[in-house]
Amino acid sequence: MGALAGQALHAADKAWRRYKNSKDHAALCDCIALSKAVLDHCPIDHPKRWSTLDQLGRTLRKRFEQKGNAVDLEASIGYHEEELSICQTGHLGRESALNNLSIALLDRFKQTGNSADLDDSIRYLEENLAICPIGHSGRLLALNNLGIALLDRIRYLEEHLSIYPIDRLDRSSALNNLGRALLDRFKQTGNSADLDDSIRYLEENLAICPIGHSGRWDALNNLGRVFQVQFERTRDKTYLEESISLFKTAAAHGVSSLSDRLSASSDWIFTARKYHHSSLAEAYSTSLYLLNRSVLLASNIHDRHVRLTSTRIRGREIAVDAASYAIETCQLQSAVEILEQGRGLVFNQLGNYRTPLDDLEAVNRELADQFRELSAAMEQSALSHQAEQKRVVNGEDKIESNSYQRLMNTWDRTVEEIRQQEGFGSFLRVTPFPNPQKAATAGPIVIVNISQYCSDAIIVQETGEPLLVPLPDATLSAVTALAETLIETTTHRPQEAESDRILGDVLQKIWSIIVEPVVLQLTNVLKLRKGSRICWVPTSRACSLPLHAAGSYMPGDKNLPDLFVSSYAPSMSTLLRARTGYQPNSMLSGPRWLVVAQPAAEGEPVLSHVGLEVDTIRRIRMDAKVVEGEDCTRDAVLDSLKNTAWVHFACHGHQNVTDPFQSRFSLLTSNAPLTVLDILKTGLPQAELAVLSACHSAAGDRSTPDESIHLAAGLLFAGFRSVVGTMWSMDDEDGPKVAKIFYEYMFRNGPEGVDCRDAAKALSRAVKRLRVRRVPLERWINFVHLGI
């Protein structure tokens, strides 16, 4: 800000003080003009911009109050809206911005009668109250302004209601809004008369909304909420039972949208869990079903993922919370089944289209052929990656493409017809225990369930009952904090010593709160031998943690990499699918081993060690097929993958956090990378092992961690049985070092003895070599193995 702007700022402050003392209109106008001059010299990122916007908004509203010119009020609202956009959560000026914008909107509501302004005003005031806790200097003002706004809303709604005759069906909206407003005011004032009136209006609303009426879902759900509040006030269990019954009915209201029904089931879960109601297991089951159907309603996987990230529900991690309840009630097998059903929905739905049909063909070949044909069409639609066009009909989300809607309905009917066949009643239903235990043939599977309610590990062996390991210190907040620290450290990459200190602390905490309790059970109870394989199936934010590298790293202590060989799997069913039907090759011939090498992708930094990495592989197998340089295009790689058993990628990798199916390997040109979606579309009948010597190839996802959508998981789902990837950026010079030790171990018995099931141990040996060379922690804990 220059000298002239500084002078204008000083003069504006002086004019404002003069106005406050004298109420002189000319002083107010001077303040406005001078503040506008200051604003002209404050660009978007200037530290004085928000406070100047605040002063402009307040002074213009004052002038509106004096002269009644609506132009001043509109300008005031505009300045306060910009101020609020600058003052994000935690900003010093957010309280003032929320308060002043809400008052200006309330003034406009009084001028125009537009109820949207009143609703926005109350929303901003409620947020303002939330950031002014008891004892805060601004709380009294926040309460006062919110009370005024709620009173205005109720007066407006009472007038609105009086317009409609009692026998009018469209009276429903007015009753519903008035009932909700009175409930809001009760929550602020505690006046029981408001709660009683809210119940009266909402009960009348439900009475005039017959089954099939578009307003019935609102009537059911809002009355359920008000009865819940009445139960909290009176402790009369009749109200609790009514509340649960109403939420349950709203969740089953077939003419409402699936997102609305899912919201009702969320209220049902919240209430049942809070008050230990016996219907909680049913509420979770209902929510999991509705979530699955809501996701499937989108015609392609991109939009299915978008639906998961935007789900209107208290906590998207329904499955981990449902599993935590099953664990609380000592139903470990049910907990495993719930996690298999409710996580990885997008890949699970794709997996349904690829279900083996050998047994069905033996019973009804025609029905098997019909299902195969429909599934191929459903998969083609799912992998189209075109944004859905949807409309709302009778309150239900409808896909604009009627052809997909018809296809989905036909597919559903065919699935039901298959279930009518003798012996196929569980077709495409959640796999019941003990079937998932078949995935544990190579060693115990450790499911790490991190929920807002409790955290536990479940150890699943090939036989016997699952073993529970409580993790009381692995709270959701603690695990989230560790995951965020990892992201911050591996993204901004501080100096080596500082990075090692931070990551060492993270590994020690992971060991203490998650891994050590599991290791004690594996060694002391299960007597698992040193060097044995274990497979981690983490959930929630634990999906971003390097569990495989946990340890105290104190002199003399054994850390997890010294005790067991770790792998990961998105789910037990993914691991089981990778194991099913696998037979090791008696000979891995060159054309069936593909090396994809691109050191100089367009627009990317040059990877100077890729050539050495390729030479390292060629020394082990001279006849490996190498696609590199100018030949390394998407089409060439996809064509070669179709006949490949093993593939090694040495190139840049990128995780797309907003659209994970567009996560990519960078090849020759920037406009034609190889994406997860490209790989999923490609048939890979011979796929066995994929080594991804590329950055972020197994990176976690903040928004939907339980979906496990990244390059490594995409290859695993596409048919590769064993995948090596990286959790974040890798150092280029580590590629050749890891490749040498890894493939020397894989080929230790010659080409006739190769087996992709050795990949986890091969990676363990390669990483140990890096540790011996004392490379920084960030580099060696980066490598992970997924699959068999």
Side-chain angles (χ1 to χ4, degrees), residues 89 305 308-309 315-321 323-324 339 343-344 446-457 471-494 498-518 536-553 559-560 566 568-571 654-658 660 663 695-713 725-730 776-784 786:
T89 302
H305 180 258
L308 281 170
T309 60
R316 291 190 199 100
E317 296 169 343
I318 309 172
V320 296
D321 290 344
S324 76
L339 291 171
R343 299 176 61 253
V446 184
I447 302 170
V448 180
N449 192 60
I450 306 296
S451 164
Q452 61 182 312
Y453 298 104
C454 62
S455 296
D456 304 272
L471 304 174
D473 296 324
T475 62
L476 180 58
S477 59
V479 170
T480 299
L482 290 172
E484 290 299 319
T485 299
L486 272 170
I487 292 171
E488 176 73 17
T489 305
T490 56
T491 300
H492 298 291
R493 308 189 83 165
E498 178 67 3
S499 175
D500 276 0
R501 183 191 67 77
I502 295 171
L503 294 178
D505 183 57
V506 168
L507 294 179
Q508 288 175 6
K509 288 177 180 175
I510 295 172
W511 172 260
S512 173
I513 67 176
I514 298 176
V515 175
E516 186 179 24
V518 172
W536 297 95
V537 181
T539 71
S540 186
R541 293 307 300 277
C543 293
S544 299
L545 300 183
L547 302 172
H548 63 283
S552 67
Y553 292 94
N559 309 299
L560 185 63
S566 291
Y568 292 90
S571 65
H654 296 277
Q655 173 79 345
N656 189 321
V657 295
T658 57
S663 298
C695 299
H696 306 288
S697 54
D701 175 20
R702 276 180 171 138
S703 61
T704 53
D706 283 305
E707 287 303 296
S708 298
I709 304 172
H710 45 65
L711 288 162
T726 56
M727 299 186 75
W728 45 76
S729 296
M730 68 170 282
L777 270 177
E778 177 187 348
R779 285 166 55 182
W780 69 261
I781 67 176
N782 189 16
F783 294 94
V784 293
L786 291 81

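Below, each value reflects all heavy atoms present in this structure, side chains not excepted, and no hydrogens, waters or symmetry copies.
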Minimum heavy-atom distance between [X] and [Y], given as atom pair plus value:
{"X": "Ser544", "Y": "Leu486", "value": "O-CD1, 3.6 Å"}
{"X": "Ala712", "Y": "Ala698", "value": "CB-CB, 4.0 Å"}
{"X": "Ser708", "Y": "Ala713", "value": "O-CB, 3.0 Å"}
{"X": "Arg779", "Y": "Asn782", "value": "O-CB, 3.4 Å"}
{"X": "Thr726", "Y": "Val784", "value": "N-CG2, 4.4 Å"}
{"X": "Phe783", "Y": "His548", "value": "O-NE2, 3.3 Å"}

Worksheet item: Is there a side-chain contact (heavy atoms from CB on, under 4.5 Å) between Leu339 and Val320 once you walk through the steps?
Response: CA-CA 7 Å; Leu339 291 171; Val320 296; 4.1 Å; yes
Test item: [X] and [Y] side chains (from C-beta on) under 4.5 Å apart, heavy atoms:
{"X": "Leu503", "Y": "Thr485", "result": "no"}
{"X": "Val537", "Y": "Arg343", "result": "yes"}
{"X": "Pro517", "Y": "Leu471", "result": "yes"}

Would you give the length of the straight line joining atom [atom1] of [X] to atom [atom2] of [Y], rounded to the nearest 0.5 angstrom?
{"X": "Ser512", "Y": "Leu507", "atom1": "OG", "atom2": "CG", "answer": "12.5 Å"}
{"X": "Ile450", "Y": "Ile514", "atom1": "CD1", "atom2": "CD1", "answer": "4.5 Å"}
{"X": "His492", "Y": "Ile487", "atom1": "NE2", "atom2": "CD1", "answer": "10.0 Å"}
{"X": "Leu545", "Y": "Trp536", "atom1": "CG", "atom2": "CH2", "answer": "10.5 Å"}
{"X": "Ser552", "Y": "Lys509", "atom1": "OG", "atom2": "NZ", "answer": "14.5 Å"}
{"X": "Ser451", "Y": "Glu317", "atom1": "OG", "atom2": "CD", "answer": "8.0 Å"}

Counting only pairs under 3.5 Å, give me each side-chain donor-acceptor contact of residues 477-484, with atom names and distances, residues two or more places apart or in other chains.
{"from": "Ser477", "atom 1": "OG", "to": "Thr475", "atom 2": "OG1", "distance (Å)": "3.2"}
{"from": "Thr480", "atom 1": "OG1", "to": "Leu476", "atom 2": "O", "distance (Å)": "2.7"}
{"from": "Glu484", "atom 1": "OE1", "to": "Arg702", "atom 2": "NE", "distance (Å)": "3.4"}
{"from": "Glu484", "atom 1": "OE1", "to": "Arg702", "atom 2": "NH2", "distance (Å)": "2.7"}
{"from": "Glu484", "atom 1": "OE2", "to": "Arg541", "atom 2": "NH1", "distance (Å)": "3.1"}
{"from": "Glu484", "atom 1": "OE2", "to": "Arg541", "atom 2": "NH2", "distance (Å)": "2.9"}
{"from": "Glu484", "atom 1": "OE2", "to": "Arg702", "atom 2": "NE", "distance (Å)": "3.0"}

Item to complete: Compute whether any side-chain donor of one residue and acceptor of the other, for His696 and Ser729, lie under 3.5 angstrom apart.
Response: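 The criterion, which ignores hydrogens and geometry beyond distance, is satisfied for Ser729 and His696.
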Practice prompt. Indicate whether the side chain of His305 and that of Thr704 have a donor and an acceptor atom separated by less than 3.5 Å.
Written response: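 Yes, side-chain donor-acceptor contact under 3.5 Å.
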For [X] and [Y], indicate whether the former's side chain and the latter's backbone hold a donor-acceptor pair under 3.5 Å.
{"X": "Asp706", "Y": "Gly344", "value": "no"}
{"X": "Thr490", "Y": "Trp728", "value": "no"}
{"X": "Asn449", "Y": "Asp456", "value": "no"}

Discussion item. Going by side chain to side chain donor-acceptor pair (under 3.5 Å), name the residues that satisfy it together with Asp473, two or more places apart in sequence or in a different chain.
Written reply: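 Counting only residues at least two positions away or on another chain, Asp473 forms no side chain to side chain donor-acceptor pair (under 3.5 Å).
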Item to complete: Check Leu547, Val515, Val518 against Leu560 for a side-chain contact (heavy atoms from CB on, under 4.5 Å) and give me the one that passes.
Response: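 Single pass found, and it is Val515.
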